[in-house]
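Small disclaimer: the values here were computed from a predicted structure and weren't measured.
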Amino acid sequence: MEEIKKRINELSSILKQANYEYYNMDNPSITDQEYDKYLRELINLEEKYPEYADPNSPTKRVGGEAIDKFQKVQHKIPMISLSNVFNEEEIRDFSNRIKNAGFNPKYVCELKIDGLSVSLHYEHGKLVFAATRGDGITGEDITHNVKTIKTVPLDLGRDIDIEVRGEIYMNKRTLEKLNREREKNGEAKLQNVRNAAAGSIRQLDPKIAAKRHLDTWIYHLPNPLDYGLKTHFEALEFMKELGFKTNPASRLVSNEEEILEFISEYTNKRSSLPYEIDGVVIKVNDIETQKYLGATAKYPRWATAYKFPAEEVLTKLIDIKFTVGRTGQITPNAVLEPVLVMGSTIRRATLHNEDYCKNLDLRIGDIVSIKKAADVIPEVVEPKIERRLGTEVPFKMIDKCPICGSALVKKGNVDYFCVNGECSKKNIESLIHFASRGAMNIDGLGDEIIEDFYNEGFIKTIPDFYHLVDYKENIIELEGYGNKKVNNLLIAIEESKNNSLEKLLFGIGISGIGAKNAKLLASRYKTMENLENATYEELVAIRDIGDILARNIVNFFANPKNIDLMNTLCDIGINMEYLGEEQKVNEKFTNKKFVLTGTISFMTRDEIKTLIESYGGSESGSVSKKTDVVIVGIDPGSKYDKALSLGIEIWNEEKFKEIVDSL
């Protein structure tokens, strides 16, 4: 129990210091993601061990303390924070708690703006003062700076006393322009729009704030019943009529499914918005229901905030382990202190190769930045060198296979390989790859099951998958394998024989051939036999194949063992032909590389990508000299500017629609 008490005190100390640095010094030393992680841990511990909870714990407070630079303001109605939810299950839990209280309400979904909370007070229709949230009870008077924001009305044009609340924010492009100017002047760049907005609004000189071109979204009326308003959505419309800027994305929804649809929509639109959002706020619409539900000491029970999974987060590098891939390639992997990244708990991340680790100067014990590459594979971005303690251990490459102990061989300038053909880990990884979702997609054959079957001697080679029925009785005897489970597995194996050729091409593991190129080759050559007979000259001429992949393909089929494998699989009854649609050809799309930026009103991003690929084009996430066309929608980002600078062909929405309509 002493350890529990010690951890509670440690977390309280970390969070109190973080609050002071964030609210008083405008200089946080930990990220929002780290803060949320520590806060949730402390809340859980205090709920489980209330006897150790400090009456002045950070969990009992809403924010930090107001600083002495500005006059302090008491909020008549506290500006409390919202609770956070991070996934679909927690959203449904929030809704179920309200249903269990006897309600089946409608909700208002709003974008959670990444900025600075503000309260605006009017008497007889004239702005008298504006205040920050501060600690929720006491804020800071920032009227002199708020008056410089053009979207804040100074006179409402009617005799009304009212307080409204919202968010002060900075547009993405404003920050880019501001940072360019600061760079020219030799000043440090501002990290993000939130820090830029907070720093601007807390300048003593309003002339500085005026130059920052801040903006507002107003989203809350603390006392709507006083104005005869019965719902939150009515309150939003009322504030809009008074001249306040309210966000047009706010939407009245009827149930959890519509909440999830809204979140999904704006998760996709997030990058194309001209301002930063870090989540979606969900509020009960009916005001009387809000009053009945009330609030805890910290949060209202009638509202919550879904926070987008962090795209890049910080955690500790505990160790570096080396793994052996199906080709024998040795990969260093980060063993991490568990952390939530884009909705998934990450404990490991790829470190790619020796050069990657050395170039980053990675050390065991570092605090490192993690993100998901292409939203799928977690990887380490960089160590936070400024947070080193001097006890970190530098990275060192191994020289022997961690599985079989064979000496490693360096191929090229970067990668190390185990060249022992009998290395069990290589064989297991190749089998796992063959059965994986992107390849033959044999449902029920997960990594651990394949490893179990390998160790039992049921599967040693690819053809053995299709003889697994011979071991049915042996498998049923294993712990965790019932008759129904084994039958379903055997059915999935049999069904995999009917896959289109590209699935098999990807599954057999030709070096460098991923799912995309496998489909390209299958659609071009139609049969495995045609591809076996393809020449280097034919292959190298195909766009996206090139010299290295062409040689890999030719070398693969020049190996008699691989030809024997193809013949065996054919005899087993595995399909060797392409079953997909014929490749359509259009000079505007075929063999061209496209980049999308902004929002196209008549098609989703996925629909555009599917269209491009159906005509033999490809879509990329970044603009380069190899890009042929950039499709530009509403609110384009920096990709549009780069396309202009490189002289790349640009299709605006009107031109793109003309082309689509002509297909």
Side-chain angles (χ1 to χ4, degrees), residues 249 260-274 372-376 437-439 441 499-506 513-526 541-546 549 577-644 646-663:
L260 295 170
E261 287 173 10
F262 184 91
I263 289 171
S264 176
E265 177 183 341
Y266 279 94
T267 298
N268 293 329
K269 289 182 177 179
R270 182 183 180 187
S271 62
S272 65
L273 294 172
K372 278 192 175 181
D375 294 349
V376 179
R437 185 179 298 275
N441 191 23
N499 286 334
S500 186
L501 176 60
E502 66 270 18
K503 293 285 189 179
L504 177 59
L505 269 181
F506 182 44
I513 300 300
K516 183 177 178 181
N517 282 331
K519 186 171 184 179
L520 173 66
L521 292 166
S523 63
R524 185 181 183 93
Y525 285 95
K526 309 303 182 192
I542 301 173
R543 184 164 183 170
D544 293 331
I545 295 300
L549 294 185
E577 297 181 359
Y578 177 62
L579 304 178
E581 294 181 1
E582 289 295 318
Q583 180 74 66
K584 294 182 284 188
V585 177
N586 184 289
E587 62 179 7
K588 294 186 181 297
F589 293 97
T590 305
N591 292 329
K592 289 188 176 181
K593 289 185 179 292
F594 290 80
V595 171
L596 314 180
T597 181
T599 303
I600 298 294
S601 63
F602 66 94
M603 289 181 81
T604 67
R605 184 172 290 267
D606 285 342
E607 288 171 341
I608 296 170
K609 183 178 179 181
T610 300
L611 173 71
I612 291 169
E613 291 179 350
S614 72
Y615 282 95
S618 60
E619 188 261 345
S620 173
S622 59
V623 177
S624 70
K625 292 179 180 179
K626 294 183 178 180
T627 304
D628 294 299
V629 178
V630 174
I631 300 174
V632 177
I634 302 167
D635 294 324
S638 58
K639 296 173 187 176
Y640 174 57
D641 297 330
K642 188 169 183 180
L644 288 174
L646 292 175
I648 293 169
E649 183 177 355
I650 292 172
W651 296 353
N652 60 21
E653 181 166 330
E654 184 179 357
K655 180 173 181 178
F656 180 53
K657 192 172 191 310
E658 286 179 7
I659 293 169
V660 171
D661 290 343
S662 70
L663 296 174

Contact summary for [X] and [Y], nearest pair of heavy atoms:
{"X": "A249", "Y": "Y266", "result": "CB-OH, 3.3 Å"}
{"X": "Y578", "Y": "L501", "result": "N-CB, 3.6 Å"}
{"X": "V623", "Y": "V595", "result": "CG2-CG1, 3.8 Å"}
{"X": "K588", "Y": "K592", "result": "O-CD, 3.5 Å"}
{"X": "I600", "Y": "G633", "result": "CD1-CA, 3.7 Å"}

Does the side chain of [X] reach to within under 4.5 Å of the side chain of [Y], using non-hydrogen atoms?
{"X": "L596", "Y": "E619", "result": "yes"}
{"X": "V632", "Y": "V630", "result": "yes"}
{"X": "F506", "Y": "I513", "result": "no"}

Return the [atom1] to [atom2] distance between [X] and [Y], rounded to the nearest 0.5 Å.
{"X": "I634", "Y": "T597", "atom1": "CD1", "atom2": "OG1", "result": "12.0 Å"}
{"X": "E653", "Y": "S601", "atom1": "CD", "atom2": "OG", "result": "3.5 Å"}
{"X": "E502", "Y": "L521", "atom1": "CD", "atom2": "CG", "result": "10.5 Å"}
{"X": "L505", "Y": "K519", "atom1": "CG", "atom2": "NZ", "result": "13.0 Å"}
{"X": "L611", "Y": "F589", "atom1": "CG", "atom2": "CZ", "result": "5.0 Å"}
{"X": "I648", "Y": "I650", "atom1": "CD1", "atom2": "CD1", "result": "8.0 Å"}

field: Derivation of the side chain to side chain contact (heavy atoms under 4.5 Å, CB included) call for F594 and T627
entry: CA-CA 6 Å; F594 290 80; T627 304; over 6 Å; no
- request: I would like to know whether L520 and K516 meet side chain to side chain contact (heavy atoms under 4.5 Å, CB included); could you show each step before the answer?
  value: CA-CA 6 Å; L520 173 66; K516 183 177 178 181; over 6 Å; no
task: Would you indicate whether Y525, at its atom OH, is surrounded by more than 12 heavy atoms from other residues, nucleotides or ligands within a distance under 6.0 Å?
output: yes
field: Over 12 foreign heavy atoms within 6.0 Å of NZ, K609
entry: no
- prompt: Can E587 and Y615 be said to form a side chain to side chain contact (heavy atoms under 4.5 Å, CB included), step by step?
  reply: CA-CA 9 Å; E587 62 179 7; Y615 282 95; over 6 Å; no
message: Hydrogens and angles aside, do E613 and S618 bring a side-chain donor and acceptor to less than 3.5 Å of each other?
response: no
For [Y], does its backbone N or O pair with a side-chain atom of [X] as donor and acceptor, under 3.5 Å?
{"X": "T590", "Y": "N586", "value": "yes"}
{"X": "S500", "Y": "L579", "value": "yes"}
{"X": "S624", "Y": "K626", "value": "yes"}

message: Between K655 and E649, is the salt bridge (charged side-chain N to carboxylate O under 4.0 Å, His left out) condition met? List the steps.
response: CA-CA 12 Å; K655 180 173 181 178; E649 183 177 355; 3.6 Å; yes
query: Are R270 and T267 close enough, and set up right, to give a side chain to side chain contact (heavy atoms under 4.5 Å, CB included), and what steps lead you there?
result: CA-CA 5 Å; R270 182 183 180 187; T267 298; 5.9 Å; no
- prompt: When the ring planes of F656 and F602 are compared, do they come out parallel, tilted or perpendicular, using 30° and 60° as the limits?
  reply: tilted
